[in-house]
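Reading through the structure tokens given below for one structure.
The chains referred to below are lettered A, B, ... by the order of the sequence lines, with proteins before strands, and numbering in each begins at 1. Note that the coordinates shown come from a computational prediction; the quantities given were computed from them, not determined experimentally. Only this structure's heavy atoms are used, side chains among them; waters, hydrogens and symmetry mates stay out.
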Protein chains: 2
Amino acid sequence: MGTYQRPDGWEILGDPSRRAIVECLAERPRAVGELAETLPISRPAVSQHLKVLKDAGLVDDEAAGTRRVYRLNPAGVSALRDQLDMFWKRTLQGFEEIVEDEGKS
Amino acid sequence: MGTYQRPDGWEILGDPSRRAIVECLAERPRAVGELAETLPISRPAVSQHLKVLKDAGLVDDEAAGTRRVYRLNPAGVSALRDQLDMFWKRTLQGFEEIVEDEGKS
DNA sequence: ACGAACGGTAAGCTACGACTTACCAATAGG
DNA sequence: CCTATTGGTAAGTCGTAGCTTACCGTTCGT
């Protein structure tokens, strides 16, 4: 049971708004206001989500005049990808043994 | 933004207890009480999580005397796997274009 | 220098999810 | 049968995550 404790990636992508933001930024970098227009939530809410994503290393931000452009961080994304994959590896590993055993019967 | 609405797999695996249960069941089928002993939560809590997992088609249960044995459902697991992969496909797809563009500069 | 655009932060509200205790049904065993 | 074991369900508590409004700082344009 390695899973349990530690703020992992599931908490981050567990929120629909956050997933939407990530998908949105995957398409192209965007300013906060742009994101807020697209999503059904207020701009401050977007800001808060971006903070979470930034702390997790998933996005980078860059000042551009009065605007602030956010983009996906390749390293962060693949790191989180790997982290989630680890769960499946561990799970499916022991799991396939069971399936095989059932096939023998 | 296809993601948004619909109770998807992230909600299910978003909970640490639920992930622990899944990992536990991946190892081998177990009764409710067994799971409760392993986890730091009460038996009713485990029951409730199992209900969620069962509704999602992730686990099957089978009566065995007074006990009830739960096991992972192969079909459900891979279905959920695929569902989560779809997010990454969509995300990384548009995303790699960006990375490539940056490489050109 | 003044106003507008843009965005981060604080404060507060609300809803919901996870957990607990208490209770009840069903099975097995003596 | 009567009791113990096992587990699902109901009811209620509690914490927290996500949202909103309000406010403030910063940058750009004129």
Identify the pairs formed between an N or O of the protein and an N or O of nucleotides 11-17 of chain C at a distance under 3.5 Å, and give each distance.
none

I want to check one thing: is the phosphate of [N], taken as OP1 and OP2, less than 4.0 Å away from some side-chain N or O of [X]?
X	N	value
B:Ser42	C:dT20	yes
A:Ser17	D:dC19	yes
A:Tyr70	C:dG8	yes

Partner residues of [X] under the side chain to side chain contact (heavy atoms under 4.5 Å, CB included) criterion, sequence neighbours left out:
X	answer
B:Ala56	B:Ile12
B:Ser78	none
A:Arg43	A:Val32, A:Ala36, A:Ser47
A:Ser42	A:Pro44, A:Ala45

### Task
Could you list the residues that satisfy side chain to side chain donor-acceptor pair (under 3.5 Å) with B:Glu34, not counting sequence neighbours?
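Side chain to side chain donor-acceptor pair (under 3.5 Å) list for B:Glu34, sorted by chain: B:Arg28.
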### Task
Counting heavy atoms from C-beta on, name the nucleotide in C:dG8, D:dG8, D:dT9 closest to the side chain of A:Arg68.
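Closest of the options to the side chain of A:Arg68: C:dG8.
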### Task
With the side chain of B:Arg67 defined as its heavy atoms from C-beta on, choose the nearest nucleotide among D:dT6, C:dG7, D:dG8.
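Out of D:dT6, C:dG7, D:dG8, the nucleotide with an atom closest to B:Arg67's side chain is D:dT6.
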#### Entry: Relative orientation of the end axes in the helix from C:dA1-D:dT30 to C:dG30-D:dC1, expressed as an angle to the nearest 10° (five pairs per end)
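For the helix from C:dA1-D:dT30 to C:dG30-D:dC1, the axes at opposite ends meet at about 20°.
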#### Entry: Protein proximity profile, nucleotides 23-30 of chain D - base contact B, sugar-phosphate-only contact S, no contact -, cut-off 4.0 Å on heavy atoms
----BS--
#### Entry: Close approaches to DNA chain C from residues 49-60 of chain B, in residue order (heavy atom, under 4.0 Å)
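Heavy-atom contacts with DNA chain C come from B:His49.
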### Message
Once salt bridge (charged side-chain N to carboxylate O under 4.0 Å, His left out) is applied, do any residues pair with A:Glu37, and if so which ones, sequence neighbours excluded?
### Response
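A:Glu37 satisfies salt bridge (charged side-chain N to carboxylate O under 4.0 Å, His left out) with no other residue.
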### Listed once per pair and sorted, the side chain to side chain donor-acceptor pair (under 3.5 Å) pairs that draw on residues 48-57 of chain B, sequence neighbours left out
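Sorted result for residues 48-57 of chain B: B:Arg18-B:His49, B:Lys54-B:Asp61.
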